[in-house]
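Hydrogens, waters and symmetry mates are skipped; everything else that's a heavy atom, side chains included, is used. Along the sequence shown, residues are numbered consecutively beginning with 1.
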Amino acid sequence: MVTRQPEYVLVLSGTFNPPHKGHVILGAHSAKIMIQSGNRVRKIIYVPVHDNYMVNKILGKPSANVMFIPMSKRVSSLQRMITDEPQCKEIEKKGIKQIVLPYENLNPQLLQTSAIWSQRLKEGYLKTISTSSLIESIGEEYAKKGLRVAAIFGADLLTYMPKWNNVDNIFKSADLVIIGRAIPRIDFAADPKKFLSNFHKVDVHFKLPVGFQNKTMFGDDLGSYDLKTRGPSRLFLLPPLPGKDENLSSSRLRKDISEFLQKMQTYGYPPSSVIEVLGFRGSWQTELRDAAKRNKSHFVQGGKGSSVESVLKDFFDREGKQDPASRL
């Protein structure tokens, strides 16, 4: 009896802050390679993280090039890029649907408390959805439709996956697609035994040795290899994006935008007016405050008497930035 290959739904989750064409190219690239290697792909889904995660991250440790783009704008930007990007059009011709899904907004029951955020934000934080809960939920949902989810991640994240929460179950209901990079090798930051227990097979389509404590475990040869762990899922190691597309980065884009805004100020344009010209409403501070207050029912109190309002005030005071509320 011949076992039929599963039909995949590829899922790419991230902050997408801000979105750029590299994100949608990554989905199209993954689908193309999967199809070329004999797999079937039904759909590509882009899942931006909840605004709560973005708020927590900025309040906890704002970067020099901080930017906050709310879910609605990240969704609309990604949708436009899918429509405009030639590689996405090529994938569409193959009958593969490409959608942007605010899944975390649509499933608030998945929001949960977090030991990590409680440590970083002592006065309180907004509930978020863990990666394991997200993948498990989407995987189970599509399994009912006879489809198999494959979660896409960059090679840099593979290093730290053995340290993730619920690591021995996170990929029980979904396969894992790793997009390679032009680097010599990847070494796990912790013992990968529990993590690898999720998988029974590794499909290597790009040579990139992966190991632990200088011992290579897979990736040094092309092909399909059985793992001793015999878990329910498969791990795919795919080639990196070709050419300069591999270097596209949201953090680099935020830096470029920050430098652009600083340069525009020398010409008499304050950041708020430049952002309005670019099509964004107000400043990132306003967007941050609005998102936090919009989701205040998700607030987990830390310090006695703390609230979303008090945490926001402390943040703006600490960063030397004016709370947009004081200008309203």
Residue list, ring pair (Phe, Tyr, Trp, His ring centres under 6.0 Å) with Y53, at least two apart or on another chain: W117
Trace of the side chain to side chain contact (heavy atoms under 4.5 Å, CB included) decision for V49 with E104: CA-CA 7 Å; V49 300; E104 298 196 1; 4.2 Å; yes
Side chains of S137 and Y103, donor plus acceptor under 3.5 Å: yes
F195 and F199 aromatic ring geometry - parallel, tilted or perpendicular at 30°/60° bounds: perpendicular
Minimum heavy-atom distance I35-V41, with the two atoms named: CG1-CG2, 4.1 Å
Test: D187 and R185 ion pair at under 4.0 Å: yes
D175 versus Y8, side-chain donor and acceptor atoms under 3.5 Å: yes
Donor-acceptor pair between S310 and E123 side chains, under 3.5 angstrom: no
D51 bridged to R74 by N-O distance under 4.0 Å: yes
Cluster link I138 to L78, ILVMFWY, side chain under 4.5 Å: no
Rounded distance [0.5 Å steps], CD in E92 versus CD1 in I44: 10.5 Å
Neighbour count above 12 (heavy atom, 6.0 Å) for K201 NZ: yes
Ring geometry between W164 and F153 (parallel below 30°, tilted from 30 to 60°, perpendicular above 60°): perpendicular
I129-V300 co-clustered via ILVMFWY side chain contacts under 4.5 Å: no
Residues clustered with I116, ILVMFWY side-chain links under 4.5 angstrom: none
Student check: side-chain heavy atoms of L111 and H50 closer than 4.5 Å: yes
Check against side chain to side chain contact (heavy atoms under 4.5 Å, CB included), H205 and M34: CA-CA 9 Å; H205 301 281; M34 292 285 282; over 6 Å; no
Neighbour count above 12 (heavy atom, 6.0 Å) for D220 CG: yes
Hphob cluster co-occupancy, M81 + V75, side-chain heavy atoms under 4.5 angstrom: yes
